[in-house]
Amino acid sequence: MKNTIRQVFHSSKFVVGFAIFAAVLLLIIIYPLLYPGDPLEMIGLGSFFKPGTYVSVYDAIDTESGTMKLPDANAKRIANKLSEEDREAMKVWLVAAGVSEEEIDTGDTDRLLALWKEKYDPSIKPKGMVMAERNYYKRLNKNLEGALNASEITVSEKDPESGEMTEGKTISDTDYVNTKDVANKVTLPLGTDNFGRDVLKELVSATKTSLFIGLIAGVIATFIGLSLGLLAGYIGGWADDFIMFVTNLFTVIPGFVLLILISYAIGQEQRGPAVVALVIGATSWPWTTRSVRSQVISLRNRDHVNLSKLSGHSLIRIILTDILPYIASYVVMALILQISSAILAEAQLSMIGLGPSTTKDATLGLMMSWAMLYSAHLNGSWWAYFPVLLIIALISFSLNLMNTGLDQVFNPTLRD
């Protein structure tokens, strides 16, 4: 046993796959301990907030501030207001106004603003430009003028006695506060989703649920496939014919179509993570059955098996002690592949609205479904779906890499 484990961990592919998978497991174990709380809690009063640290504006105003003259602060403030779309739109106007394209550098904010201030005239009506586009340029110019002419902001306060608004605190563009002094702040490394939920916390919880579904489904599919494969391969005859007839029947029917029909028939209210795992496992066993059967057929006439038969050992004992140990490594590899396939199957089901129906737990497939449903891929909210794709890819890659490493160890034809 020790020698076998040593051989396994000498496989570079298995080690890399195991390291990636272990990192994912550590993430879902440690992160909830460091940042406890409901992963589906809606903390954002809106959808798809960008990743970053958010501080309370209310607390920041009341926090003692210091005056600082930071270099290029005003230029950075203006540059931040100009999106790439705005810069390209300004270039279009300037070209229409007669400025050569070679003179325009959208990355040079100072030069772009200088040209804009010199050439822009709201009374000009460039040829082919509709009124809506001209109004857009007017709004853009107004915003730029406001940024260029930054002035103090006065915060009004309501007098509790008279009810009148009086001048309160005045905020200058050179006033800065230390974020450590702000009482309420939150860091969202992956922003929020369409429901205003912390994507990272939700992603960790979803990964845990998807791994649970994959493990349960993988164990069920492997157990069914192993049991039927052992019986068909060892007993043979009519038992083999009947088992293979059922197996071939399930093989002919596309597995995902069968999965869709069963999931739809169960109904939305009953489709929890455990039920979905059971359905996936109950429809994923045929290829394991066929593979195990072929392995058992090559073993059933070995000398040690025939000796057990002559000794009068029972069918169960022969299968468990004389055949199963010889295909144990193959069973482990089949289980790994079943887990990987089950995670992908859950993601596919959830993408078409037939995955787990739950308000307490998220899955990787449900997160993808929510992101696509609310058009995260169209509005540039990459943090709502890209990390999910990355986790799914890492889990599948690591499991398949582990399987390849085991195959190289235990398959004599693949050994170096």
Any idea how F195 and W370 line up, ring-wise: parallel (<30°), tilted (30 to 60°), or perpendicular (>60°)?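 Answer is perpendicular, since the angle exceeds 60°.
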Please check if the side chain of [X] supplies one atom and the backbone of [Y] the other of a donor-acceptor pair under 3.5 Å.
X: S205; Y: K201; answer: no
X: D175; Y: I171; answer: no
X: S298; Y: Q295; answer: yes
X: R197; Y: M42; answer: no
X: N248; Y: M244; answer: yes

Decide if atom [atom1] of [X] counts as having more than 12 heavy atoms of other residues, nucleotides or ligands within a radius under 6.0 Å.
X: L45; atom1: CG; result: no
X: E88; atom1: CD; result: yes
X: I316; atom1: CD1; result: no
X: Y326; atom1: OH; result: no
X: Y54; atom1: OH; result: yes
X: K13; atom1: NZ; result: no
X: Y35; atom1: OH; result: no
X: K50; atom1: NZ; result: no

Can you spot which of L324, L335, L231, V296 makes a side chain to side chain contact (heavy atoms under 4.5 Å, CB included) with L226? L324
Positive for side chain to side chain contact (heavy atoms under 4.5 Å, CB included) with I266, one of L278, V276, V279: V279
Applying salt bridge (charged side-chain N to carboxylate O under 4.0 Å, His left out), name anything that partners D240, two or more places apart in sequence or on another chain. R293
Taking all heavy atoms of [X] and all of [Y], pick out the closest pair and write down the distance.
X: I343; Y: S210; value: CG1-O, 3.6 Å
X: P356; Y: I213; value: CG-CD1, 4.0 Å
X: I20; Y: L394; value: CG2-O, 3.9 Å

Go through it in stages, so that I can follow the logic: the residues are S350 and E346, the test is side chain to side chain donor-acceptor pair (under 3.5 Å), and I'd like the CA-CA distance, side-chain angles, deciding distance and then a yes or no. CA-CA 6 Å; S350 295; E346 182 277 322; 2.6 Å; yes
Would you kindly say whether T289 and T247 are connected by a side-chain donor-acceptor distance under 3.5 Å? no
So, D322 and Y234: side-chain donor and acceptor under 3.5 Å apart, yes or no? no
Run the salt-bridge test on R111 and E103 with the 4.0 Å N-O cut-off and return the result as yes or no.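 Yes, this pair counts.
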Can you list every pair that meets side chain to side chain donor-acceptor pair (under 3.5 Å) and has a residue in residues 373-395, with sequence neighbours left out?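 Residue pairs with at least one partner in residues 373-395: N379-S381.
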Do W285 and F250 have their ring centres less than 6.0 Å from each other? yes
